[in-house]
*Asks:* 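Dumping the structure here so I can ask a few things about it.
Numbering starts at 1 and runs along the sequence shown. Just follow the structure's listing: the first ligand is 1, and inside any ligand the first atom is 1. As the structure is a computational prediction, the values presented were derived from the model and not from experiment. As a basis for the values below, the full set of heavy atoms in this structure was taken, side chains included, without hydrogen atoms, waters or symmetry mates.
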Amino acid sequence: MKSKLPNPRPLARERSDPDEDTRPLPWFLIMFLGAMAMWGAFYIYTTPSGEESVWGDQRTVASLRPPLPAAGGVVSKIDGKQLFSANCAACHQASGLGLPGVFPPFVGSEWILGSEKTLASILIHGMSGSLTVKGSNYNGAMPAFGETLSDAELAGVMSYIRSEWGNAAPAVTPEAVKAQRDATQERKEPYKGEAELKSIS
Ligand code: HEC
């Protein structure tokens with residue numbers, strides 16, 4: 001039986017062989033990509049960085065950097081306000097007003113403006129049980145900071161809360177905190193109620 005396919009010879013003669021070729025990017029795409037790259041470089045170059053950010057939370061790189069330790073590994077500058085924000089404000093509130101019935105206020109508190117020994121003891125060992133602040137009763141638990149904060153840091157935060165929001169009590173020295181830490185080193189648990197606090201001298 002004879003093949004029905006056309007004779008390949010004339011076909012090969014009529015059509016050229018297929019071949020491979022590189023196809024260049026269209027010119028408009030190259031222009032577009034070039035324009036994007038130039039715009040990106042321009043944007044990065046003209047965008048201010050490291051300055052006060054107008055939008056957002058206003059923090060700069062400098063304000064986020066931790067304080068540099070001075071020679072000997074001691075933090076050179078203790079910032080009582082920063083320590084307060086990081087350790088106390090969650091409960092006692094940034095305003096220092098506390099939460100009525102739950103967290104006692106710092107503003108005008110007799111425990112803060114009074115004896116620095118009592119204040120240092122509360123911070124070093126913590127406290128729980130009944131406590132009267134400015135005529136209101138509280139019965140919560142105040143965590144101890146003796147383990148987490150150094151004498152100098154405790155002195156810094158104490159000095160800060162004694163002088164902020166209109167409070168006007170003298171600053172506390174790290175030596176005074178250390179003396180109170182040494183005097184109460186036997187104590188291993190938080191003070192229970194204000195009766196125990198009043199016995200501190
Ligand atoms: C987990 C919440 C919490 C945190 C954090 C906290 N406190 Fe307190 N604080 C309390 C509570 C609750 C009381 C009341 C305790 C009671 O009723 O016996 C209190 C009481 C006090 C008192 C005595 C009452 C007064 O208001 O004068 C002082 C002083 C005090 N805290 C200082 C601080 C300082 C300084 C820090 C940060 C270093 C801090 N507290 C962090 C919950 C907290």
*Asks:* What about the rings of F84 and W165, do their centers lie closer together than 6.0 Å?
*Replies:*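 Yes.
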*Asks:* Counting both backbone and side chain atoms, is some N or O of G129 under 3.5 Å from an N or O of ligand 1?
*Replies:* yes
*Asks:* Backbone, side chain, both or neither: what part of C88 comes under 4.0 angstrom of ligand 1, heavy atoms only?
*Replies:* both
*Asks:* Take atom CD of E147 as the centre, draw a 6.0 Å sphere, and report whether it contains more than 12 heavy atoms from other residues, nucleotides or ligands.
*Replies:* no
*Asks:* Is P105 touching ligand 1 with its side chain, its backbone, both, or neither, if touching means heavy atoms under 4.0 Å apart?
*Replies:* backbone
*Asks:* Quick check: closest heavy atoms across A176 and E116, and the distance to 0.1 Å?
*Replies:*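 Where A176 meets E116 most closely, the heavy atoms are CB-OE2, 3.3 Å.
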*Asks:* Mind checking whether N139 contacts ligand 1 via backbone (N, CA, C, O), side chain (CB onward), both or neither, at a 4.0 Å heavy-atom cut-off?
*Replies:* backbone
*Asks:* Among all protein non-hydrogen atoms, which one is nearest to atom 21 (C) of ligand 1, and what is the separation to 0.1 Å?
*Replies:* H92 CE1, 3.5 Å
*Asks:* Starting from atom 5 (C) of ligand 1, which protein heavy atom do you reach first, and at what distance in Å?
*Replies:*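 Going by distance alone, atom 5 (C) of ligand 1 is nearest to N87 O, 3.2 Å.
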*Asks:* With a cut-off of 2.8 Å, does C91 put an N/O/S atom close enough to atom 8 (Fe) of ligand 1?
*Replies:* no
*Asks:* Would you say I112 and ligand 1 have an N/O pair spaced under 3.5 Å apart?
*Replies:*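 Not met; the criterion fails.
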*Asks:* For atom 32 (C) of ligand 1, state which one of Y191, W111, F106, F145 supplies the nearest heavy atom.
*Replies:*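 Nearest option to atom 32 (C) of ligand 1, by heavy atoms: F106.
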*Asks:* Measure from atom 23 (C) of ligand 1 to every heavy atom in L83, V157, L131 and give the option owning the shortest one.
*Replies:*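 Considering heavy atoms of L83, V157, L131, the nearest to atom 23 (C) of ligand 1 sits in L131.
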*Asks:* Just which atoms of ligand 1 are under 4.0 Å from any heavy atom in Y138?
*Replies:* 17 (O)
*Asks:* Heavy atom to atom 13 (C) of ligand 1, shortest distance: which of G140, A120, P104, A141 holds it?
*Replies:* P104
